[in-house]
There are 2 protein chains.
Amino acid sequence: MARDYGQFCGLAHALDVVGGRWSLLIVRDLLTGPKRFKDLEGGLPGIPTNVLSARLKELEESGVVRRQLLPRPAKGVGYELTDYGRELEEPLVKLGLWGAKSLGPAEEGEPISVDGLALALRGAFRPDAASGLTRTYELVLDRRPLTISVEDGRLSITAEASAADASLATTPALLVELVFGPLRVEDAIAAGQLGVTGSKTEARRFFQIFRLSPEPAGG
Amino acid sequence: MARDYGQFCGLAHALDVVGGRWSLLIVRDLLTGPKRFKDLEGGLPGIPTNVLSARLKELEESGVVRRQLLPRPAKGVGYELTDYGRELEEPLVKLGLWGAKSLGPAEEGEPISVDGLALALRGAFRPDAASGLTRTYELVLDRRPLTISVEDGRLSITAEASAADASLATTPALLVELVFGPLRVEDAIAAGQLGVTGSKTEARRFFQIFRLSPEPAGG
DNA sequence: CTGGATCCCTCACGATACTG
DNA sequence: CAGTATCGTGAGGGATCCAG
């Protein structure tokens, strides 16, 4: 998307920067922390490598993404958001919530993005239910760990393993049902679809903190 | 943008719906009320008519835009946002604020979108400065009127003339300076760049209500 | 094996002319 | 006024190839 809109407007300029195809999904995936080229490619089924490469270059030039050599023991190249890039979190959460309202059930074989779920969790986060609370949860989705830290109403989600107050293991599809659908924690545990390490009370609390609020009006 | 991202994610689906080129700018322009094909074309310099036509059709099919015959005396076709489309306001305001942070000064000859300014005003709105206040302002930018209603912390902006508590007439460029830049109301009035009908006190209050807040952290 | 670059093909988009 | 028709271009899709 080399061609820009050529009008003086914050939104138009935002779209000049991150309006290109795949750009915002790249940012979405980087919101959970630095990633390699290959990780990004894996999280964006269908993206051509040349497009991913071009997007990363554009985003780097516009100060959204920073390219860096990974420290030991990883070794290689990593991409991470700049502070400015991280400020896209709020717009993306809002836009994701908007899109989720007209998002039907997952189709057969349609991949469920783990980073998309991380974004959705940010949208489903209820600061009031978490106020005064400090907890770290580990959420393992298809072997991919997310560390979810809640600190008195503030939230951070990163794609890494960690020692946590409770660890929940399930599939993306099940998590969708638990957070956005009618499935109850007890039933999922009983059915062996949700593995809990740590107290079941903490597991229950997790799904109180992360639950889609009812709409203020319609939806 | 017929091809969709093919992954289960609210954000990805939002981009499937409104991620096509020009789509979000069309929505932006419709946030100030129904518009005709020609009005949209005028507010989006450079958009090909076939693309505008195609986008409107897509947006209509996905329930974002509604096409309707205009009532007398206008006669013709009009486009307006559905309730679902109007829910894009918050994401767009956030995204516009993000883009505005890296938006330099307007270039020579670069058109300043009036609907973009309306979006920016929503972003610059300070509910705390407007709490308990009920006012209607008319803002005339290059002969194009905006009606800005503040009702105890709630805001609505439409592209229409109205009887207001105060009427401000200036240019888009000057408004940018007044709301986002250092230009002071008195100086603009004194220089004859800002025409005020009604009390100057109300004019001053307007620019207290609409002013870009300092960043919470960095920026 | 990671981290891309290169190639070709297609189609979405841009520009313009034209019609109901 | 409100679009449709036509046509050229270049960004994006897909596969392969290359360097460290």
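All of these numbers come straight from a predicted model, not from anything done at the bench. Below, read A as the first sequence line, B as the second, and so on, with proteins coming before strands; counting in each chain starts at 1.
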Atom-pair distance (CZ on B/R3; C1' on D/dG12), nearest Å: 9 Å
OP1 or OP2 of D/dA2 under 4.0 Å from side-chain N/O of B/R36: yes
Closest-nucleotide 5' rank along DNA chain D - winner of B/V77 and A/G46: B/V77
Under 4.0 angstrom between A/Y79 side-chain N/O and C/dG4 OP1 or OP2: yes
Rounded distance in Å - NZ (A/K57) to C1' (D/dA11): 16 Å
Lys/Arg N to Asp/Glu carboxylate O, A/E60 vs A/R66, below 4.0 Å: no
5' priority, DNA chain C, between B/I47 and A/L56 [closest heavy atom]: A/L56
Rounded (10°) bend between the five-pair end axes of the helix from C/dC1-D/dG20 to C/dG20-D/dC1: 30°
OP1 or OP2 of D/dA11 under 4.0 Å from side-chain N/O of A/W22: no
C/dG4 OP1/OP2 closer than 4.0 Å to side-chain N/O of A/R67: yes
Between C1' of C/dA15 and CG of B/L44, the distance in whole Å: 16 Å
B/K38 side chain near D/dC1 phosphate (N/O to OP1/OP2, under 4.0 Å): yes
Parallel, tilted or perpendicular: rings of B/Y79 and B/F37 (30°, 60°): tilted
side-chain N/O A/R21 vs C/dA12 OP1/OP2, d < 4.0 Å: no
Nearest-0.5 Å distance, CD1 of residue A/I157 to OG1 of residue A/T147: 10.0 Å
B/E58 and B/R55 ion-paired at < 4.0 Å: yes
C/dC13 OP1/OP2 closer than 4.0 Å to side-chain N/O of B/R55: yes
Euclidean distance, atom CD1 of residue A/I26 to atom P of C/dG4 [Å, nearest integer]: 12 Å
Atom pair distance, as rounded to whole Å: CG in A/L15 and P in D/dA11: 17 Å
From CG (B/L56) to CG (B/L52), nearest 0.5 Å: 4.5 Å
Test: B/R86 and B/E89 ion pair at under 4.0 Å: no
Exercise: do A/S102 and B/Y84 side chains pair donor with acceptor under 3.5 Å: yes
Criterion side-chain contact (heavy atoms from CB on, under 4.5 Å) against A/D142, the qualifying member of A/V114, A/T170, A/T171: A/T171
Distance test, side-chain N/O of B/S53 to OP1/OP2 of D/dG3, below 4.0 Å: no
Whole angstrom value for the distance that separates P of C/dT2 from CD of A/Q68: 19 Å
Nucleotide D/dG20, atom P - distance to CZ of A/F37 in whole Å: 17 Å
Whole-Å gap separating P (D/dC1) and CD (B/E41): 10 Å
Heavy-atom donor-acceptor pair, B/N50 side-chain to D/dG3 base, under 3.5 Å: no
Sugar-phosphate only, base, or nothing, as touched by B/T49 at under 4.0 Å among non-hydrogen atoms: base
